[in-house]
Novice: 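First the structure, then my questions, so here it is.
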Amino acid sequence: MAHLSISSKNPITQQQLIRLKRAVQPGPVLITTHDNPDPDALAAGKAINKLINGLWGIPTRLFYNGLVGRTENWAMLNLVTPEWMHVRTRDESLKFSSVVYVDCQPASRNMFQIDETLPMIVIDHHHLVVDQNRRAVYTDIRLNVGSTVTMIYQYLAAAHVEIDPILATAMFYGIRSDTAGLSKGATVDDGIIYVKLLEKLDHQLLLKIESAGLAREYYQAFTQGIKDARIHGNAIIANLGNMHRPDLAAELADLLLRYEGAHVALCSGVYKQELHFSIRTGLLDQDAGLLVQKIIFPPGKAGGHGVMAGGQIPLNSAKPKEIKDFVLKLEQRFLESLGETAVAIPLLQDRET
């Protein structure tokens with residue numbers, strides 16, 4: 001492939017790099033992200049680790065909570081971002097000098113518990129949740145960027161860090177996943193960096209990630225969800241019941257949004273005593289991140305941006321009737337937030353009946 005000469009002005013200055021380095025020193029640094037991390041989060045963590053540990057030599061640890069559920073995401077974790085370690089609770093014996101939040105914000109609470117006295121560094125492209133981020137010693141939150149990977153690429157470029165094929169593959173897939181191949185929420189910077197990574201990545205490795213196999217339970221779950229799907233005007237809703245993977249709600253929401261006439265989709269399901277749900281929007285004036293904050297209720301937690309959002313609500317050994325009430329409450333709040341009053345029509349109902 002011929003070398004591509006395309007560029008845009010890098011917003012990251014040498015002064016910002018100095019500030020970031022001072023904020024994370026002396027180490028070890030905890031790098032973390034939101035629960036059930038997606039490819040953008042996984043790649044962003046690997047990339048910032050390349051700067052902090054790879055270039056500056058500061059010790060780091062990468063921790064995440066929840067599950068990496070999608071088959072492709074699990075393949076990505078194992079093949080290109082194995083630095084990430086799964087943890088559920090804070091280990092008091094581990095001492096860090098600072099914590100770096102990538103693709104998330106501490107105020108959203110959708111991550112494992114962290115010592116809140118630690119100096120915080122926040123690099124994210126989601127909506128500002130609350131003013132708690134003011135406590136951060138370094139903050140870079142930009143809503144006009146399609147992925148966190150794009151932001152951290154700019155840090156690596158400013159520091160003249162060489163991106164190897166494995167890191168390039170992770171970063172490319174992170175942008176590809178978060179922007180649906182540059183079709184949703186992508187900016188010029190996302191596009192330029194996407195193309196630059198294309199000439200650096202390992203194409204065979206990318207193929208292994210994108211062609212990861214799907215289990216039989218995947219198709220069984222989708223059958224259940226599609227049977228339950230209901231249309232409310234421009235909104236479509238479905239419940240998967242019990243799921244063998246928490247990310248199935250997100251995958252079905254992606255599919256349901258493609259129904260002709262659907263502008264917004266909500267899909268939910270239960271996994272290990274938690275109600276997981278995902279929202280997808282197809283309209284530029286309907287931000288999923290803002291919508292999910294309107295419908296979430298205690299003790300749930302949620303987050304998102306642009307056209308994608310989701311959350312979890314603990315069920316605490318709730319009985320089937322109570323779980324049904326939780327689902328109904330979530331769906332009602334969803335429709336009320338949209339101002340949608342249309343009577344439900346089953347997706348699979350014959351139009352002529």
Novice: Do the charged groups of K301 and D35 touch, with an N to O distance under 4.0 Å?
Specialist: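 The answer is yes: the pair qualifies as a salt bridge.
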Novice: Excluding sequence neighbours, so at least two apart, what forms side-chain contact (heavy atoms from CB on, under 4.5 Å) with D228?
Specialist: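 Scan of D228 (side-chain contact (heavy atoms from CB on, under 4.5 Å), adjacent residues dropped) gives R230, A238, N239.
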Novice: Just jot down the salt bridge (charged side-chain N to carboxylate O under 4.0 Å, His left out) partners of D189, sequence neighbours excluded, or say none.
Specialist: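 Listed in chain order: nothing, the list is empty.
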Novice: R61: which residues meet the salt bridge (charged side-chain N to carboxylate O under 4.0 Å, His left out) condition with it, sequence neighbours left out?
Specialist: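 For R61, no residue satisfies salt bridge (charged side-chain N to carboxylate O under 4.0 Å, His left out) once neighbours in sequence are set aside.
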Novice: Would you sort out whether K329 and E322 count as a salt bridge (Lys or Arg N to Asp or Glu O under 4.0 Å), showing the intermediate values?
Specialist: CA-CA 10 Å; K329 180 178 180 180; E322 294 172 315; over 6 Å; no
Novice: I'd like to know whether D178 forms a side chain to side chain donor-acceptor pair (under 3.5 Å) with S147, so could you lay out the CA-CA distance, the side-chain angles of the two residues, the decisive distance to 0.1 Å, and finally the verdict.
Specialist: CA-CA 6 Å; D178 231 37; S147 77; 5.5 Å; no
Novice: To the nearest 0.5 Å, how far apart are OG1 in T81 and OH in Y64?
Specialist: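 With rounding to 0.5 Å, OG1 (T81) is 8.5 Å from OH (Y64).
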Novice: For D247, which residues count as a salt bridge (charged side-chain N to carboxylate O under 4.0 Å, His left out) partner, sequence neighbours excluded?
Specialist: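 Per chain and number, D247 pairs via salt bridge (charged side-chain N to carboxylate O under 4.0 Å, His left out) with R245.
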Novice: Would you check, one step at a time, whether the test salt bridge (Lys or Arg N to Asp or Glu O under 4.0 Å) holds for R70 with D254?
Specialist: CA-CA 13 Å; R70 284 195 188 218; D254 289 335; 2.6 Å; yes
Novice: If only atom types and distance count, is the side chain of D190 paired as donor or acceptor with the main-chain N or O of T187 below 3.5 Å?
Specialist: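 Yes, the answer is positive, given that a donor and an acceptor are paired below the 3.5 Å cut-off.
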Novice: Check whether any side-chain N or O of E210 sits under 3.5 Å from a backbone N or O of E72 as a donor-acceptor pair, and report yes or no.
Specialist: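 The answer is no, because no donor-acceptor pair under 3.5 Å joins these two groups.
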Novice: So which residues get pulled into F334's cluster when ILVMFWY side chains under 4.5 Å apart are joined, directly or through others?
Specialist: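 Besides F334, the cluster holds I237, V264, L266, V270, L275, F277, I279, L291, V292, I295, I296, F297, I313, L315, I323, F326, V327, L330, L335, L338.
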Novice: Run the salt-bridge test on K294 and D287 with the 4.0 Å N-O cut-off and return the result as yes or no.
Specialist: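 Salt bridge between K294 and D287, a charged N being under 4.0 Å from a carboxylate O: no.
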Novice: Under the rule for side-chain contact (heavy atoms from CB on, under 4.5 Å), what residues qualify as partners of L257, not counting sequence neighbours?
Specialist: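 Here the qualifying residues are K184, A265, R280.
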